[in-house]
Amino acid sequence: MTTSTPALAVTQANGSFETISLERRDLRDDDILIDIKFAGICHSDIHTVRQEWGDITFPITPGHEIAGIVAAVGDGVTKYKVGDRVGVGCMVDSCGECENCKNDHEQFCTKPAVFTYNSLNYDGERAQGGYSQQIVVTERFACRIPDSLELDVAAPLLCAGITTYSPLTRWGARPGTKVGIVGVGGLGHLGVRIASAMGAQVYGISRSMAKAEDSEKLGAAGHIASSDKDAFAAHKRSFDIILNTVSADLPMNDYMRLLKPFGVMVNVGLPSGGYELSPRSFGGNTAMAGSMIGGIAETQEMLDFCAEHGIGATIETIAAADVDAAYERVVAGDVRYRVVIDTATIGANA
């Protein structure tokens, strides 16, 4: 018997959110049913719903920053039990058999992976996301949320947390390294916190000094305004890693000059256009790289790391009725730093 759950959905192009009844599949042997408590709003949700990354199929329920409690388990589930605290991020299934899956990089599954929304499940049904009160996923794609993390501040870690943790880990943020985080926002504020907890000397980098105090409260050693040419000159050839979290057309040649020899500029933002970049910018054996999310094992590692270091997202919690307005505020940069939906309010005033 399927589960019917209240959800928020956009039912047509350029439409507003409305409350619908969403059908979740019957529990398979390896499935768990999760009572969602909080769902973060990611800028990716906005890009997708507004078809800025291409046409989509409506209706759509977005949301891939999900935190909740296991409500029921399939007969073959061994990883979780009813009452466990869990999170679901950007994926809900993969083949489990290809080389990437076997190496814990399910995000690169060749089948491909099933993403939490705007994606097709392997049975052909369209996946719908976490702006809802319940979701069904295979146990392999849920992560355990440590008890020391509150569910509301943990929810954004399932996307924003792993999106910053993964490249910082891969490129070696640690004591003795200097790391710049471009954009102190929904992604970047967690980048500053995580890199600082890894022991790196961290600088926030944004258009002005307006967030300088915030950067330092988050653990940064300092803050640089990208509009200040003298500040850029003062930090020339001094960074080991620069993590770019903004989806904007940046003057990449200027940023590349901040890197030490053998340093790396890693991009996790997704601007609509390309970057202009001179080959001369790589004269110091520097590199430019990209990064996606992380596999399930690395996502669990990130949650455990954040719990150990007391890292949760800086959030404001909203009711379901305020999601449309929240989207406008996210686009305007008027959020510090992640909006989280209290899913108990979905349908409350319907």
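- Side-chain N/O atoms of Tyr337 and Glu316 include no donor and acceptor closer than 3.5 Å.
- Side-chain heavy atoms closer than 4.5 Å link hydrophobic residues (I, L, V, M, F, W, Y) into clusters, and following such links, even through other members, never connects Phe141 to Val70.
- Here Glu65 pairs with Arg338 in a salt bridge; the nearest charged N to carboxylate O distance falls below 4.0 Å.
- Heavy-atom contacts from other residues, nucleotides or ligands closer than 6.0 Å to CD of Glu23 number more than 12.
- Remark: the Arg24 side chain and the Ser132 side chain contain an N/O donor-acceptor pair separated by less than 3.5 Å.
- Minimum heavy-atom separation, Leu27 to Gly74: CD1-N, 4.1 Å.
- Ion pairing between a basic and an acidic side chain is recognised when a charged N comes within 4.0 Å of a carboxylate O; Glu106 and Lys111 show no such pairing.
- One finds a salt bridge joining Arg140 and Asp93 here, because a Lys/Arg side-chain nitrogen approaches an Asp/Glu carboxylate oxygen to under 4.0 Å.
- Of the possible polar contacts, one joining the Ser206 side chain to the Ser208 backbone as a donor-acceptor pair under 3.5 Å is found.
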- Working for side chain to side chain contact (heavy atoms under 4.5 Å, CB included), residues Glu301 and Thr299: CA-CA 5 Å; Glu301 177 185 299; Thr299 302; over 6 Å; no

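- Placement of Leu259 and Val264 in two distinct hydrophobic clusters is found when ILVMFWY residues are connected by side-chain heavy-atom separations under 4.5 Å, directly or transitively.
- By the 6.0 Å contact criterion, CG on Asp334 is enclosed, its count of non-hydrogen atoms from other residues, nucleotides or ligands being greater than 12.
- Rounding to the nearest 0.5 Å places CE of Met91 at 9.0 Å from CZ of Phe108.
- The pair Asp84-Arg144 meets the salt-bridge criterion, since a charged nitrogen lies less than 4.0 angstrom from a carboxylate oxygen.
- Surrounding CD of Glu150 are at most 12 heavy atoms belonging to other residues, nucleotides or ligands under 6.0 Å away.
- A salt bridge links Asp31 and Arg25; the closest N-O separation between the charged side-chain nitrogens and carboxylate oxygens is under 4.0 Å.
- Contact check on Asp123 versus Arg28 returns a salt bridge, with a Lys/Arg side-chain nitrogen under 4.0 Å from an Asp/Glu carboxylate oxygen.
- Taking the six-membered ring where tryptophan is involved, the planes of Trp53 and His47 are essentially parallel, since the angle between them stays under 30° and well short of 60°.
- Proximity of a side-chain donor or acceptor of Arg174 to a complementary backbone N or O of Gly172 within less than 3.5 Å is detected.
- Residues Cys90 and Ile293 come closest through the heavy atom pair CB-CD1, 3.7 Å.
- Residue Ser215 comes nearest to Val184 through the heavy atom pair OG-CG2, 3.5 Å, listed as atom of the first residue, atom of the second, then distance.
- Asn118 and Thr48 form no side-chain donor-acceptor contact under 3.5 Å, judged by distance and modelled atom types alone.
- The shortest heavy-atom contact between Pro62 and Val49 is CG-CG2, 3.9 Å.
- Minimum interatomic distance between Asn121 and Val114 (heavy atoms only, all atoms of both residues): OD1-CG1, 3.5 Å.
- Remark: aromatic rings of Tyr131 and Tyr117 are distant, center separation not under 6.0 Å.
- By the 30° and 60° cut-offs, the orientation of the rings of Phe232 relative to Tyr255 is perpendicular.
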- Take Ser238 and Lys178 through the side chain to side chain contact (heavy atoms under 4.5 Å, CB included) test and state the conclusion after the steps. CA-CA 7 Å; Ser238 67; Lys178 183 176 177 181; 2.8 Å; yes

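- One side chain, Ser281 or Asn253, offers a donor N or O that lies under 3.5 Å from an acceptor on the other.
- Within a 6.0 Å sphere centred on CZ of Arg126, heavy atoms belonging to other residues, nucleotides or ligands number more than 12.
- Just one residue in the list Val92, Val88, Asp45 forms a side chain to side chain contact (heavy atoms under 4.5 Å, CB included) with His64, and that residue is Asp45.
- Remark: the Glu298 side chain and the Ser166 side chain contain an N/O donor-acceptor pair separated by less than 3.5 Å.
- Here Asp240 pairs with Lys260 in a salt bridge; the nearest charged N to carboxylate O distance falls below 4.0 Å.
- The closest side-chain donor-acceptor pair between Thr11 and Glu18 falls under 3.5 angstrom.
- For the pair Thr177 and Gln201, the minimum side-chain heavy-atom distance is 4.5 Å or more.
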